[in-house]
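What follows is a short report on a single structure.
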Amino acid sequence: MSNFVIENGVLKKYEGKEKEVVVPKGVIEIGKFAFLHCTSLTSIALPEGLLEIGYSAFYGCKGLTNITLQNGLKTID
């Protein structure tokens with residue numbers, strides 16, 4: 001079962017509790033507040049082809065210390 005709510009290439013919400021997350025290929029945008037208050041999250045790897053990270057996408061992720069970005073990212077809101 002997937003912990004990601006993805007619609008038309010936009011990751012709308014993450015519903016898991018993992019510490020280390022790899023966003024699936026094919027996601028082109030992380031929507032606003034997608035990882036809201038994911039306090040267990042410490043590390044996230046973003047896929048190639050990701051173009052945009054929405055407003056406050058990682059708001060409240062107090063344990064997040066590592067984000068792996070890829071070439072091609074155009075906007076971090």
Side-chain angles (χ1 to χ4, degrees):
M1 182 173 194
S2 175
N3 292 318
F4 300 100
V5 176
I6 301 169
E7 295 176 8
N8 298 319
V10 179
L11 194 159
K12 299 281 192 175
K13 183 174 174 102
Y14 174 71
E15 299 175 329
K17 302 285 184 196
E18 288 81 12
K19 290 184 176 191
E20 297 180 358
V21 172
V22 177
V23 174
K25 291 179 182 180
V27 170
I28 58 169
E29 179 182 339
I30 306 291
K32 62 183 179 179
F33 301 109
F35 289 86
L36 180 66
H37 297 300
C38 290
T39 55
S40 61
L41 183 63
T42 60
S43 176
I44 187 163
L46 303 175
E48 286 190 40
L50 182 72
L51 300 175
E52 182 175 347
I53 298 175
Y55 177 78
S56 294
F58 301 103
Y59 185 83
C61 297
K62 296 179 181 197
L64 183 60
T65 58
N66 185 36
I67 299 177
T68 303
L69 304 172
Q70 301 293 335
N71 289 330
L73 183 62
K74 296 186 185 298
T75 305
I76 300 175
D77 196 4

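Predicted, not measured: the structure shown is a model, and the values here were computed from it. Just the heavy atoms: all of them, side chains too, but no hydrogens, waters or symmetry mates, feed the values below.
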In a table with atom names and distances, give each donor-acceptor pair under 3.5 Å that connects a side chain of residues 25-40 to protein atoms at least two apart or in another chain.
residue	atom	partner	partner atom	Å
Ser40	OG	Lys17	O	2.8

Could you give the side-chain donor-acceptor pairs of residues 48-69 under 3.5 Å, partners two or more places apart or in another chain?
residue	atom	partner	partner atom	Å
Thr65	OG1	Thr42	O	3.4
Asn66	ND2	Ser43	OG	3.4

How close do Leu11 and Phe4 get, counting heavy atoms only, and between which atoms? CD1-CD2, 3.5 Å
Counting only heavy atoms not in Glu18 (residues, nucleotides, ligands), do more than 12 fall under 6.0 Å from its CD? yes
Non-hydrogen atoms of Pro24 and Pro47 that approach each other most closely: O-CG, 3.5 Å
Is it the case that more than 12 heavy atoms not belonging to Asn8 sit under 6.0 Å from its CG atom? no
